[in-house]
Amino acid sequence: MAVTGAVLAVALANGDLGNTSSLTAVLGFGLSVVGLAVNLWRGTPADSVSADGASSPERLEQLAGRLAVAVDEQWHREWRLRRLQDPHPLQVRWSSAEAWLADDPGDDRLPADLDNRLDGISAAVDAVPSRRLVVLGDPGSGKTVLALRFTLDRIAQRADGDPVPVIFPVSAWQPDREPLREWMNAHLSATYPGAPWTRELLRPCPTW
């Protein structure tokens, strides 16, 4: 009700009440965020921590599962809003960059026989020993769509104990003001407001 009232007030003030497509998009986004927050809050697993204050592996897996559901819902909505499946995803192809761009040109190059279509990006990351991959391209070349496809594919393939893929807008990070881990914690809390426990999921990660 609060979201609906706010949107209608702004529309009346700007004289945009007749623009139903914009109103529908804003209302749908607002209501979906509220619903996501409520579902995450209701589904928070019971506390289970060890003597040193760390969460148990069972609790961490439950939390990871909840986050995976939230991320999947978030980016499936974005996929539909962008109409990327209408009528089917455009199969943008990618190619391996020159060897000198890799951390270790001998080990971290992509195999030549990989499927270089959009839906082959998940397998491409698995084929890189370091599990690090940088996507380069001009504006509008499909980098964001590739990231969305990778995220959704990894969640669909995720098994218990696997990491949860999350898209972080690194351009918003200011390394001279905030350590990376703290910035990631803040981003998770802001993006998934119904899940204050997301901070716990970064604890098992190695120090960057």
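Remark: Gln157 pairs with Ser122 by the side-chain hydrogen bond (donor to acceptor under 3.5 Å, both in side chains) rule, at least two apart or across chains. For the salt bridge (charged side-chain N to carboxylate O under 4.0 Å, His left out) test, no residue two or more places apart in sequence or in another chain qualifies with Glu178. Applying the side-chain contact (heavy atoms from CB on, under 4.5 Å) test to Pro169 and every residue at least two apart in sequence or in another chain returns Trp183, His187. With sequence neighbours excluded, the residues forming a side-chain hydrogen bond (donor to acceptor under 3.5 Å, both in side chains) with Asp153 are Arg149, listed by chain and number.
Distance OG1/Thr191 to CE/Met184: 11.0 Å, rounded to 0.5 Å. To the nearest 0.5 Å, atoms CZ (Arg59) and CD (Gln62) are separated by 8.0 Å. One finds the CG atom of Leu136 at 8.5 Å from the NZ atom of Lys143 (value rounded to the nearest 0.5 Å). Trp79 CH2 to Leu148 CG: the interatomic distance, rounded to the nearest 0.5 Å, is 6.5 Å. The distance from atom OG1 of Thr151 to atom CD1 of Ile121, rounded to the nearest 0.5 Å, is 10.5 Å.
For residues 120-144, the set of pairs meeting the ring-ring contact (aromatic ring centres under 6.0 Å, His included) definition, not counting sequence neighbours, is empty. Sorted by first and then second residue, the pairs that involve residues 157-169 and meet salt bridge (Lys or Arg N to Asp or Glu O under 4.0 Å), not counting sequence neighbours, are Glu61-Arg158.
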Please evaluate residues Arg154 and Asp126 with respect to the criterion side-chain contact (heavy atoms from CB on, under 4.5 Å), reporting the C-alpha separation (whole Å), side-chain torsions for both, the decisive distance (0.1 Å), and the verdict.
CA-CA 11 Å; Arg154 297 303 278 199; Asp126 286 335; 3.0 Å; yes
Evaluate Val164 against Leu201 for side-chain contact (heavy atoms from CB on, under 4.5 Å), listing each step before the verdict.
CA-CA 9 Å; Val164 178; Leu201 296 176; 5.7 Å; no
